[in-house]
Amino acid sequence: MPELPEVETVLQGLKPHIEGKTISKVTIRRYDLRWPIFKNISQKLMGQKLHKITRRAKYLILHFDQGAALLHLGMSGQVRIVNKTQPINKHDHFDLEFDANKILRFTDPRRFGAFLWAGIHYKDHPLLISLGPEPFDKKFSGEYLWHLAQSRSVSIKSFIMDNKIVVGIGNIYAAESLFLSKINPKLSVRKLTQDRFSSLVIAIRFILRKAIKRGGTTLKDFINSEGNPGYFSQHLNVYGRAGLSCYQCSHILQMIHIGQRSTVYCEKCQI
DNA sequence: CAGAATACCTGCGGGC
DNA sequence: TGCCCGCAGGTATTCT
């Protein structure tokens with residue numbers, strides 16, 4: 001269930017362990033993830049140095065000598081650095097082994113995750129090419145959102161969860177940022193003023209920054225952690241609180257569905 | 001083209 | 001105890 005803060009946490013956890021190291025072995029146990037893993041990925045990666053790891057949206061980008069590989073955690077994906085003594089569990093789908101006995105192990109029960117070779121021109125990969133700006137990109141502003149909104153008719157919640165508008169905002173942080181900025185998630189984007197969009201942008205950045213900071217506290221345990229970045233333990237105002245009372249006004253929080261996704265909000269605070 | 005619905009997959013909790 | 005059902009979540013793909 002990773003959203004952007006979780007992916008960022010994973011990135012920061014991986015970096016110190018494997019950046020600058022060379023692949024010595026690749027073991028694929030299941031090729032059928034969201035998309036099939038390239039059949040010759042093992043040969044391809046063998047002996048290549050991993051120069052750095054970066055992130056774009058919720059994709060981790062592994063930069064090798066001959067190009068980049070994309071790693072997406074889907075909804076249940078997890079990566080850890082393990083050593084050879086770690087037993088293989090049911091959903092451990094592949095290992096990237098580096099020298100010094102450091103193994104990147106990918107685990108994903110639902111197999112919505114992906115591991116794709118994207119080559120030198122990875123920036124043109126179809127999965128990346130039409131993504132909107134990062135939430136922390138200066139381009140992402142109230143003005144930017146307002147302009148795009150004028151030709152759309154979706155709800156504000158669907159709008160901010162659309163990757164072409166802005167990346168990295170999933171169901172949880174969409175609900176939370178709308179609560180913080182006091183916007184009703186059902187509201188049509190065309191009814192929002194630029195000022196309200198600006199508040200939303202601030203709320204989104206605030207929430208994400210807070211979550212990333214929180215995730216960072218688990219980094220030191222990265223090697224042996226069970227991969228719980230403290231996601232649900234953080235203070236959520238509305239997500240998962242349907243039927244409970246609003247922390248702001250005590251009104252009972254409502255659960256509705258927007259675009260097939262459960263949405264919790266306060267009908268008193270969010271107008 | 002925009003928007004809505006569907007599909008992918010597994011584990012878990014609730015109801016019976 | 002066991003079974004069936006609904007739900008969760010990211011996002012590409014298919015349908016209207």
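Protein chains get the first letters and strands the later ones, always in sequence-line order, with residue 1 at the start of each. Side chains included, hydrogens not; waters and symmetry mates left out as well; all remaining heavy atoms used. Treat the numbers as computed from the prediction; the structure is a model and nothing was measured.
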Handout entry: Heavy-atom neighbours of A:Lys15 NZ exceed 12 at 6.0 Å
Key =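 Enclosed.
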
Exercise for the section: Look at atom CZ of A:Phe206 and say whether more than 12 heavy atoms of other residues, nucleotides or ligands are closer to it than 6.0 Å. Expected result: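 No.
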
Handout entry: Partner of A:Glu97 by side chain to side chain contact (heavy atoms under 4.5 Å, CB included), out of A:Met46, A:Lys84, A:Arg105
Key =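 The side chain to side chain contact (heavy atoms under 4.5 Å, CB included) with A:Glu97 is passed solely by A:Lys84 among A:Met46, A:Lys84, A:Arg105.
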
Problem - Distance below 4.0 Å between A:His72 side-chain N/O and C:dG10 OP1 or OP2 - result: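 Answer no for this pair, as no side-chain N or O of A:His72 is under 4.0 Å from OP1 or OP2.
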
Whole-Å distance between [N] [atom2] and [X] [atom1]?
X	N	atom1	atom2	answer
A:Asn163	C:dA12	CG	C1'	10 Å
A:Lys157	B:dA4	NZ	P	13 Å
A:Leu127	C:dT13	CG	C1'	12 Å
A:Met161	B:dG3	CE	P	15 Å
A:Phe159	B:dG3	CZ	C1'	13 Å
A:Asp162	B:dA2	CG	C1'	10 Å
A:Ile172	C:dG10	CD1	C1'	12 Å
A:Ile160	C:dG10	CD1	P	13 Å

Exercise for the section: Look up atom CD1 in A:Ile258 and atom NZ in A:Lys157, then write down how far apart they are to the nearest 0.5 Å. Expected result: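 A:Ile258 atom CD1 to A:Lys157 atom NZ measures 5.5 Å (nearest 0.5 Å).
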
Would the distance check show the side chain of [X] and the main-chain N or O of [Y] forming a donor-acceptor pair, the cut-off being under 3.5 Å?
X	Y	value
A:Gln270	A:Cys266	yes
A:Ser76	A:Arg110	yes
A:His93	A:Asp108	yes

For [X], answer base if it contacts any base atom (sugar-phosphate contacts may also be present), sugar-phosphate if it contacts only those atoms, and nothing otherwise; contact means non-hydrogen atoms under 4.0 Å.
X	result
A:Ser153	sugar-phosphate
A:Tyr59	sugar-phosphate
A:Lys164	nothing

Enumerate the protein-to-nucleotides 12-15 of chain B contacts in which both atoms are nitrogen or oxygen and the separation is below 3.5 Å.
none

Problem - Geometric class of the A:Phe94/A:Phe106 ring pair [parallel <30°, tilted 30-60°, perpendicular >60°] - result: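 Judged by the thresholds at 30° and 60°, the geometry between A:Phe106 and A:Phe94 is parallel.
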
Handout entry: Residue pair A:Thr85, A:Asn83: steps toward the side-chain hydrogen bond (donor to acceptor under 3.5 Å, both in side chains) verdict
Key = CA-CA 6 Å; A:Thr85 66; A:Asn83 60 47; 2.5 Å; yes

Practice task
Between A:Val154 and A:Asp108, name the one whose nearest nucleotide on DNA chain B is closer to the 5' end.
Solution key: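 The 5'-side residue here is A:Val154.
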
Restricting to nitrogen or oxygen on both sides, can you table the protein-nucleotides 2-7 of chain C pairs closer than 3.5 Å?
none

Practice task
Kindly indicate, with the supporting measurements, whether the criterion side chain to side chain contact (heavy atoms under 4.5 Å, CB included) is fulfilled by A:Leu14 and A:Leu104.
Solution key: CA-CA 8 Å; A:Leu14 283 178; A:Leu104 183 161; 4.1 Å; yes

Practice task
Indicate yes or no: at least one non-hydrogen side-chain atom of A:Trp117 is less than 4.5 angstrom from one of A:Leu70.
Solution key: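 No, side chains not in contact.
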
N/O to N/O distances under 3.5 Å, protein versus nucleotides 6-9 of chain B:
unit_1, atom_1, unit_2, atom_2, d
B:dC9, O4', A:Arg110, O, 3.3
B:dC9, O3', A:Arg111, NH2, 2.9

Problem - Proximity of A:Phe112 and A:His72 rings by center, below 6.0 Å - result: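 No - the distance between ring centres of A:Phe112 and A:His72 does not fall below the 6.0 Å cut-off.
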
